[in-house]
Amino acid sequence: MTLQAKARIDAALKVTGQVKYPSDAAVKNPVYAYFVTSAVAKGRIKSINTDQAKRVDGFIDILTHENTKGEIKTQVGYPGFTNQTVETDEIQHDGQIVGMVVAESYEAAREAAHKVQIQYEAQYAAPGFDADGITIRSVEGFDANFKAPRKGDAAKAYEQAPVKIEAVYETPTQHHNAMELHSTICEWQDGKLTIHEASQFVYRRAYLADCLGIDEKDVRVLSRFAGGSFGSKVSCTVRAVLAAIAARRLNRPVKLVATRSQAFTVTTYRAETRHAIKLGATKDGKLDAYIHDSFELTSRPSNYNLAGGIKTASSFYNYGNVATSVSVVNADRNMPGWMRSPHELVYMFGLECALDELAYALNLDPIELRRRNDTQVDPISGLPYSSRSLMQCFDAASAAFGWANRNPTPKSMRDGDWLVGLGCASACYPANIGASSAGIEMNADGRVKVQIAFQEVGQGGSTVIAQTTAEKLGVPLENVSVELGDTNLPPGTITAGSNGTATTLSALLDACEKLRERIATAAVDAKKGLFSGAKQDALHFTTGGLTGRAGTESLAVAVGRLGGTARVIGQFARPDAPANAVRDLGRGIPLFGGHRAKDFVAFSHGAQFVEVRVHARTGEIRVPRVVGAFAAGKIINDVMARSQLMGGMIWGIGGTLHEATEMDRRAARYVNTNFADYMIPVNADIKDVQVLLVPEVETRLNAVGAKGVGELGSIGVNSAIANAVFHATGRRIRKLPIRLEDLV
Ligand code: MOS
């Protein structure tokens, strides 16, 4: 029986407002920084006039390309940067950082920033898909590591298929909008730099060190908590470099908080994608052709893409023949980046809607269509799924949802003025795993400290670490303290791609075993003592201390023997990792992926069921009910897992019905860059959200037996809603977000 923490170990701190987020760090005598951002999307800066800015009371300095030349050493080759900023006079996207004012107060910095007068030589900027001047490039053309999945002759199979559908699906521009703004505090002391910045990978300090031309060991990054990250805080960025340069020049701490509006252009985001999909099937619903050509928007200089999504999609059903392609579309936009479930969310949307369309063409229940094409083997690689409980998820969710009561005829279910629609879709996410170390210190009084440079971003990482430590070492949960988010600690994995629990706990298990061995060895080596001369591997931790056949020795005695404290560092790297994976972590190189191993592929799975109500006259769309069932190997903590999945499902609703960054295409500029105009769901939009955890035993992926859940919950909700909207109204909306103007 696993002991499970009932609440996050930091819950009390959070609900009482005691958590210190990075921008809350107390530094002595700080100056405040404020970005100046470009008012045009393409061109160059002709001149910068700072006369009026300098007259603002409290103004100290401004950094621009004119006075920082050569000071930023390098910038390319790392993910997470947002194009260029101040190295040259060139403008590559609207809202680009072109300067940073520092002043004695935030207000003075802001006022001065607004008084900087910049003259531009503006050029035409291509805003996105279908614009003049975009370039379209095949990912295979520039990425030798990427091969678009293909199998058999899909064109011919599609041609000959008795039942087929063809459609184009689109996902919009969206921005993370985490509650916590993007902030950085930089402080120098004796040539060493300390940075307080919310981060999903603190050891990415190597990037900052490179940019500043200093040794990475002279940089300390602290990120104890993050108020939401979701891919937007993956690494230290050029924003931190600017703050560090200003702090070095002034020899005072610099506090930088980008505004909500600036976050739309000075950080990454989810760019729009387009998917042309063809499915061909036999009359009894056996898929024989899957053709998927996708297009993803990105910036001019970047190759950023989500091509991994097509690999997931083409592994997902037993298709027969497959033909795919992925192209990036370069426009004059800021660089996109990871945003929760980045690859699968957009790629599975089209596929899961297309399956629903095919189910109608076949006059077959959509669950039955998925069942007939389910597979335990990746059809592209031929490798088995390590575990795959997709249909068990459908069975559990459909029963809880009451799918059997659905009349499949579109527009057939009605409740007064409301058209009722029921829809479903599959969810899946790669079971990633990487590398980590984990330090444990156990004291004779039974207190235990765990130290890992892993990141708590609200997911409950510190709680599952504490819970697992307590369980393995036989101490009460409250005896365990967990320190994370600090480059002074042993390197941990990147908090991304739902790899955190599996990776971190694997290293922790190694540390617990090393600790047991250390303490047990001392016990058997002792001249006098309960276990003197016994076998060390016969001893283990219990709630009373160290236990063997001869009885139990208290920690006071067993750890007391080691001078009162025992310290170990555990390590883990997945089997196919390079030899120095853990050391590489410490150099800012994360080990990421691993869901495609030598002899299996590993994914988490789920099934999403949604009820929508569309008002017959106004087109208003409501989602009174969502049921999701998920299978992700061993669930380490029910409360955290449910919370993660539920959060994902709620974001799924928002991402389908509310969220879209609108663009003024004439200026290549985002227009709704604030919380008032960027729609997100509020409590009134979210009703009944039910999470079911389907038991699943995973033995091949790792000793923990866990697959990730962080990103899984938000996948499939978009297609399930679109499918339910069709069922309610008979109208197939293939472009997100779905809004009432699509339905009146
Ligand atoms: Mo997650 S989008 O990999 O931070």
Side-chain angles (χ1 to χ4, degrees), residues 78-82 171 173-180 182 197-204 223 225-237 263 267-271 273 296 298 304-309 311-312 335-349 427-436 454-461 484-485 492-504 585 589-595 602-604 632 640-641 643-645 647-652 654-655 659 707-718:
Y78 289 92
F81 65 94
T82 302
T171 64
T173 321
Q174 296 178 329
H175 280 76
H176 304 80
N177 278 304
M179 191 74 86
E180 179 198 25
H182 292 265
E197 184 176 79
S199 172
Q200 295 171 247
F201 188 41
V202 289
Y203 269 97
R204 187 48 68 83
S223 177
F225 293 95
S229 51
F230 314 115
S232 71
K233 294 165 185 167
V234 166
S235 48
C236 306
T237 67
T267 66
T268 55
Y269 62 103
R270 193 193 310 281
T273 70
E296 304 179 14
T298 189
Y304 177 83
N305 64 77
L306 306 167
K311 293 189 173 179
T312 300
M335 185 183 142
W338 292 344
M339 183 162 148
R340 198 172 192 173
S341 335
H343 311 75
E344 283 69 24
L345 189 124
V346 298
Y347 275 86
M348 294 298 288
F349 170 63
C428 70
Y429 194 77
N432 294 311
I433 187 157
S436 178
F454 178 58
Q455 297 74 212
E456 174 61 75
V457 295
Q459 83 278 39
L484 308 176
T493 188
I494 183 171
T495 303
S498 302
N499 89 102
T501 299
T503 305
T504 305
L585 285 177
I589 305 163
L591 180 69
F592 188 70
H595 62 280
F603 288 77
S604 302
M640 304 310 122
S643 165
Q644 284 275 64
L645 291 162
M649 291 162 77
I650 291 168
W651 198 344
E659 284 191 59
K707 301 192 274 191
V709 295
E711 326 238 0
L712 181 63
S714 61
I715 298 161
V717 177
N718 49 15

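Each ligand, and each atom within it, is numbered from 1 in the order the structure gives.
The nearest non-hydrogen atom to atom 2 (S) of ligand 1, considering only Q200, R270, R340, comes from R340.
No N or O atom of A496 sits closer than 3.5 Å to an N or O atom of ligand 1.
Not counting sequence neighbours, the partners of H595 by the ring pair (Phe, Tyr, Trp, His ring centres under 6.0 Å) test are F603.
Heavy-atom proximity to F230, at under 4.0 Å, picks out these atoms of ligand 1: 2 (S), 4 (O). If you number the atoms of ligand 1 from 1 as listed, the ones under 4.0 Å from a heavy atom of G231 come out as 2 (S), 4 (O).
S232 and T267 share no donor-acceptor pair across their side chains, judged by distance under 3.5 Å alone. Side-chain atoms of T273 and T171 include a donor-acceptor pair closer than 3.5 Å.
Among protein heavy atoms, the minimum distance from atom 3 (O) of ligand 1 is reached at G497 N, 2.8 Å. Taking atom 1 (Mo) of ligand 1 as the reference point, the nearest protein heavy-atom neighbour is E711 OE2, 2.9 Å.
The line from NE2 of H175 to CE of M339 is 8.5 Å long, rounded to the nearest 0.5 Å.
When atom types are taken as modelled, the side chain of E711 and the backbone of G497 share a donor-acceptor pair closer than 3.5 angstrom.
With respect to E180 and K233, a salt bridge is recorded, a charged nitrogen being found less than 4.0 Å from a carboxylate O.
Contacts between S498 and ligand 1, counted as non-hydrogen atom pairs separated by less than 4.0 Å, are absent for every part of the residue.
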